[in-house]
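Notes to accompany the following structure.
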Amino acid sequence: MSAPAPSPLAVVDAEPLPRQEEVLTEAALAFVAELHRRFTPRRDELLARRAERRAEIARTSTLDFLPETAAIRADDSWKVAPAPAALNDRRVEITGPTDRKMTINALNSGAKVWLADFEDASAPTWENVVLGQVNLIDAYTRNIDFTDPRSGKSYALKPADQLATVVMRPRGWHLEERHLTFDGRPVPGALVDFGLYFFHNAQRLIDLGKGPYFYLPKTESHLEARLWNDIFVFAQDYVGIPQGTVRATVLIETITAAYEMEEILYELRDHAAGLNAGRWDYLFSIVKNFRDGGAKFVLPDRNAVTMTAPFMRAYTELLVRTCHKRGAHAIGGMAAFIPSRKDAEVNKVAFEKVKADKDREAGDGFDGSWVAHPDLVPIALASFDAVLGEKPNQKDRLREDVSVAAGDLIAIDSLDAKPTYAGLVSAVQVGIRYIEAWLRGLGAVAIFNLMEDAATAEISRSQIWQWINAGVVFENGKTATPELAREVAAEELAAIRAEIGEEAFAAGKWQQAHDLLLHVSLDADYADFLTLPAYEQLVG
């Protein structure tokens, strides 16, 4: 390993945290500083390229597969590297933030994989960023336990052979980490999350028979995948582990990435583990990119856009075919239902929907799928067990029957559904409730029996924005206008105050959340990501 020089990074505007010295070591910060020095300029160029591409979509209202990479798609000879043993069977994956209780519960859940989330399920307070790293180190050294202060219940890890394999998700490229600076400039959050985790755990994970595995979020092009690949190559050399030890699964959760799936796998081919179909961010990306494309791009209520919608089927079937053609895992979407402890009938109906969803994914050729709660692990497991049996995956199902044209992926108007007034109310309700929790440092929030994360808030505010700007007329005759959105938001704020009481309302960040939702939903200048203005208001 290279001998670290004193780190030029500074920790700023941050209260000292317990055990932060175990994470923010001189050697680890020197590694993050080197990542920043080498790769942030390219990150900046790629963010600028996103803006250029978005402007091009605004002009043309279309997308196509890239002509300049046609040879990569046509070349049947290349495959991604074989999956390591710890990632060969991924039939059920559980997702969640890296707080101490979730870390233990997720590892113990019976899922094959835990997506340890520093991204959409985590509000990036400095405490969450640093102590999340502490919790993962403690999990790998088996120095983790937790006692719930309210219930007195204790949590501890099961034997090592019963624990899920961790795949860690750093923040997206667009987010900065304001508490860690280089010459006065914030370091990208992605490099902070990746760098600290990789530096402390890469060798430790190898010793455990696993490895440093990652989910890459918000990727918009194969050039962004190339940047990650170069980071992996550098990082493996820096700490002295073999090339190809890192494995990355890319979330295809932007519409532009859907047109570059093969190219993304090609760029990461020595480090690629698979692709994942992320539903809410994908819809958010469609709205964001085609927001001025006219009526044919207007999405109905989010719950009306199921995975059986023609344009969503095109996306998921192309993903399975692409992955299996190249020897990669295809991972399906999220079952976000949170079981009710009080209403057995609600659970029965929801469990049936989850089963149907997972049956469909397993039948379509996916190799695994996501759940948000441990109680859903057995349901998803049964769906995939029924198809896979003893096989670890079904990458041998090449799905050569699938043929997707460029236009199929953006045929939004093929869905026979329209926005409803109830959909507007729901978007406002979920948006305010989620943002309020996020501003208090919570990124994964149970709202109306669903586990919501930042992608939920993005689709909520994007739909409000789109419906207003498209002048949608709802079934009750009301037109989507800023005034109507303000009226619905005021009603929701009053309802929350009545629901939780004056004291709890005053102690929360409800007015702030209400104002922020309206700001990003009504501003003529559409914010690329809700989390950018929200981060400016996040305390800690």
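What you see below is based on every heavy atom in this structure, not just the backbone, and it leaves out hydrogens, waters and symmetry mates.
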Is it true that the NZ or CZ of [X] lies under 6.0 Å from the centre of [Y]'s six-membered ring and within 45 degrees of the ring axis?
{"X": "R302", "Y": "F284", "value": "no"}
{"X": "K288", "Y": "F529", "value": "yes"}
{"X": "R269", "Y": "W78", "value": "no"}

Short question: side chain of [X], backbone of [Y] - any donor-acceptor pair under 3.5 Å?
{"X": "S122", "Y": "P124", "result": "no"}
{"X": "S285", "Y": "I255", "result": "yes"}
{"X": "Q512", "Y": "I435", "result": "no"}
{"X": "N229", "Y": "A225", "result": "no"}
{"X": "W465", "Y": "D523", "result": "yes"}
{"X": "E458", "Y": "L530", "result": "yes"}
{"X": "S460", "Y": "V430", "result": "no"}

Is it true that [Y] and [X] share a donor-acceptor pair across their side chains at a distance under 3.5 Å?
{"X": "N276", "Y": "T249", "result": "no"}
{"X": "E260", "Y": "S221", "result": "no"}
{"X": "T69", "Y": "E263", "result": "yes"}

Are the charged groups of [X] and [Y] less than 4.0 angstrom apart, N to O?
{"X": "K355", "Y": "D357", "value": "no"}
{"X": "R171", "Y": "D193", "value": "yes"}
{"X": "D396", "Y": "K391", "value": "yes"}

Check: Would V250 and F214 count as a side-chain contact (heavy atoms from CB on, under 4.5 Å) if you check the C-alpha gap in whole Å, the side-chain angles of each, and the deciding distance to 0.1 Å?
Finding: CA-CA 8 Å; V250 180; F214 299 92; over 6 Å; no
Check: What's the shortest heavy-atom distance between R321 and E400, and which atoms?
Finding: NH1-O, 3.1 Å
Next item on the list: Return the minimal non-hydrogen interatomic distance between G327 and K79, and the atom names on each side.
Entry: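 Scanning both residues, the minimum pair turns out to be N-CD, 3.9 Å.
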Checklist line | Qualifying residue, where the test is side-chain hydrogen bond (donor to acceptor under 3.5 Å, both in side chains) with D364 and the options are R397, Q394, R313 | finding: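 So, applying the side-chain hydrogen bond (donor to acceptor under 3.5 Å, both in side chains) to D364 and each of R397, Q394, R313, only R313 qualifies.
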Checklist line | E224 and its side-chain hydrogen bond (donor to acceptor under 3.5 Å, both in side chains) partner, picked from K218, R49, R42, R50 | finding: R50
Notebook entry, point to check: Would W173 and F39 count as a close aromatic pair, with their ring centres under 6.0 Å?
Noted result: no
Next item on the list: Scan for salt bridge (Lys or Arg N to Asp or Glu O under 4.0 Å) pairs involving residues 379-390, sequence neighbours excluded, and state none if there are none.
Entry: R91-D385
